[in-house]
S.K.: 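If you scroll down you'll find the structure; I have some questions about it.
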Amino acid sequence: MAYQALYRKFRPQTFEDVKGQDHIVTTLKNQLKNDRIGHAYLFTGTRGTGKTTVAKILARAVNCRHPMDGSPCGKCNICRAISAGNSMNVIEIDAASNNGVNNIREIIEEVAYPPTEGRYKVYIIDEVHMLSPGAYNALLKTLEEPPEYVIFILATTEVNKIPITILSRCQRYDFHRISVVTIADRLRQLMEEEGVEVEDRAVDYIARAADGSMRDALSLMDQCIAFYLGQKLTYDDILKVLGAVDTKVFSRLLRAILGGEIAEAIRVIGEIITEGREPVQFVNDFTWYLRNLLLLKSGDHMEDVLDMSSDNLALLREEAQMVEDEILMRYIRILSDLSSQIRYASQKRVLIEIATIKLCKPQMETSYDSLIDRLVTLEEKVEEGIPVQMSAGEIPGSGGQMTGQAQGMPVRSGKKELPAAVPEEVRQLAGSWKKLVAALEDRMLASMLNKALVSVSEEGELLLVYDVEAPDQNLARKKMMQAQTMAELQNILAESTGKEVRVKVIGNEDRRPKEQMYTDAIDYFARTAGVELVEEDF
Ligand SMILES: [Zn+2]
């Protein structure tokens with residue numbers, strides 16, 4: 001049976017078929033209907049959100065002989081020529097491979113000649129941020145005075161790398177990550193057209209895994225269909241193909257860990273591994289699961305951020321009630337370390353099991369995190385009226401001091417000439433970061449800080465890591481980098497610690513496909529923590 005990839009087969013041919021970018025489609029259609037077409041467009045957004053698809057529809061729409069409601073008819077000779085890639089009017093350039101001055105010069109020389117057929121010559125430059133400075137200059141000259149019959153459509157995943165001189169000459173359109181619901185609806189529609197039977201839960205899982213990219217969703221679906229060609233696709237099939245673990249398993253594992261049931265936790269891990277799941281992915285997914293719990297606890301409107309089904313959300317909410325922020329943060333930190341250790345290790349399973357025992361038994365560690373964890377457990381027992389036996393040896397550095405710190409940072413009124421905080425103090429600060437941020441009067445600052453992942457560099461700098469690809473985080477990052485905001489934060493830190501804390505704001509600019517912000521940050525943490533990744537033969 002011949003199988004054509006969904007992504008190619010169902011590439012939208014009209015504006016109506018473009019999903020999840022209504023704000024862009026409406027504006028473009030209005031421009032087309034009123035004949036107010038611009039000469040330079042900049043399409044930005046993460047991969048797979050429809051930038052080049054919309055560019056191609058626009059290229060046909062401006063040239064179509066019989067446009068319908070702003071969309072190309074798809075039937076006239078011009079539409080057909082463009083779709084088949086035979087038109088001289090549409091010139092596509094991949095700047096990733098043609099980024100030199102000469103490549104751009106060649107193109108620009110052609111700009112001088114009007115189209116032989118149709119109204120517009122359309123230049124689509126993909127990954128435009130890859131152009132060299134010389135190429136930008138060459139492009140800029142044409143953008144400054146484009147001929148009437150020329151349209152430039154520049155597409156990029158990294159708008160922050162585009163020079164302002166180019167930006168200022170373009171109409172900018174931001175393509176959003178596509179919501180899970182929109183992706184799932186589209187998948188269901190296509191599966192019906194294809195006559196492929198698939199469980200709803202399976203569709204939902206793929207929609208979630210695609211992380212806002214319709215292209216990723218279709219290619220994941222392709223993998224699954226190819227694997228079970230001609231059969232009904234179930235949720236379990238899809239988990240197997242994608243090497244993923246059911247959320248319910250995470251829930252079971254977390255409950256075992258919270259209950260300190262090492263045997264049960266190890267059993268769950270054994271099941272996951274014997275089923276052939278990829279251990280590194282499992283650790284990353286479990287970390288992601290805990291991250292979602294933490295998000296759900298930290299704000300009122302996190303449901304929108306989490307973008308998941310109401311069933312999963314209900315389960316997650318129940319779990320969120322069971323566990324303290326500080327404990328979650330400790331878990332996430334242990335798993336972050338684990339994630340960087342096992343990538344190149346041969347004994348992946350052993351490392352996962354050791355980490356799990358660590359999670360179950362905070363008393364195995366003497367770090368600040370685990371102390372907090374134990375204090376929370378003790379406090380709960382006291383609240384519940386369970387008598388607590390506590391020997392001095394059990395908690396290193398025990399006594400009033402630790403309890404005081406767990407309840408709130410000591411405030412000192414040091415003015416100038418504060419001693420610099422040592423790395424251990426900064427780590428403590430990072431450990432109680434959420435409490436500190438929650439207590440801030442400046443809610444604007446708190447909101448910007450809440451968007452960051454917090455870590456500590458080897459030199460003892462407090463690191464605030466933002467994902468530059470997420471617009472809200474990138475905005476927060478820029479604001480945090482302003483001198484005034486930074487001064488405000490440093491004053492607050494000085495007041496609460498009595499020390500001078502060095503703060504560094506970092507954008508995570510790594511563009512590895514399919515990876516999410518958190519796994520990038522994990523790598524970053526591993527590097528800054530000085531964890532050596534040893535390559536072993538296996
Ligand atoms: Zn047409």
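Atoms within each ligand, like the ligands themselves, are counted from 1 in listed order.
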S.K.: Do the side-chain N and O atoms of S179 and T182 include a donor-acceptor pair separated by under 3.5 angstrom?
M.R.: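 T182 and S179 do have a side-chain donor-acceptor pair below 3.5 Å.
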
S.K.: So, E117 side chain and P115 main chain: donor-acceptor pair closer than 3.5 Å or not?
M.R.: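 Looks like no, no N/O pair under 3.5 Å.
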
S.K.: Determine whether a donor-acceptor pair (N or O, by modelled atom type, separation under 3.5 Å) exists between the side chain of H23 and the backbone of D174.
M.R.: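 Confirmed, H23 side chain pairs with D174 backbone.
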
S.K.: Does Y466 reach the main-chain N or O of M448 with its side chain, forming a donor-acceptor pair under 3.5 Å?
M.R.: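 Flag set: sc Y466 to bb M448 pair under 3.5 Å.
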
S.K.: I'd like to verify the contacts: list protein N, O or S atoms under a distance of 2.8 Å from the Zn ion (ligand 1).
M.R.: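 You should have found C64 SG, C73 SG, C76 SG, C79 SG.
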
S.K.: Using modelled atom types only, decide if a donor and an acceptor are shared between the side chain of H39 and the backbone of F152 within a distance under 3.5 Å.
M.R.: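 No.
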
S.K.: Could you label the plane-to-plane angle of the F43 and Y173 rings as parallel, tilted or perpendicular, counting under 30° as parallel and over 60° as perpendicular?
M.R.: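 Ring orientation of F43 relative to Y173: perpendicular.
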
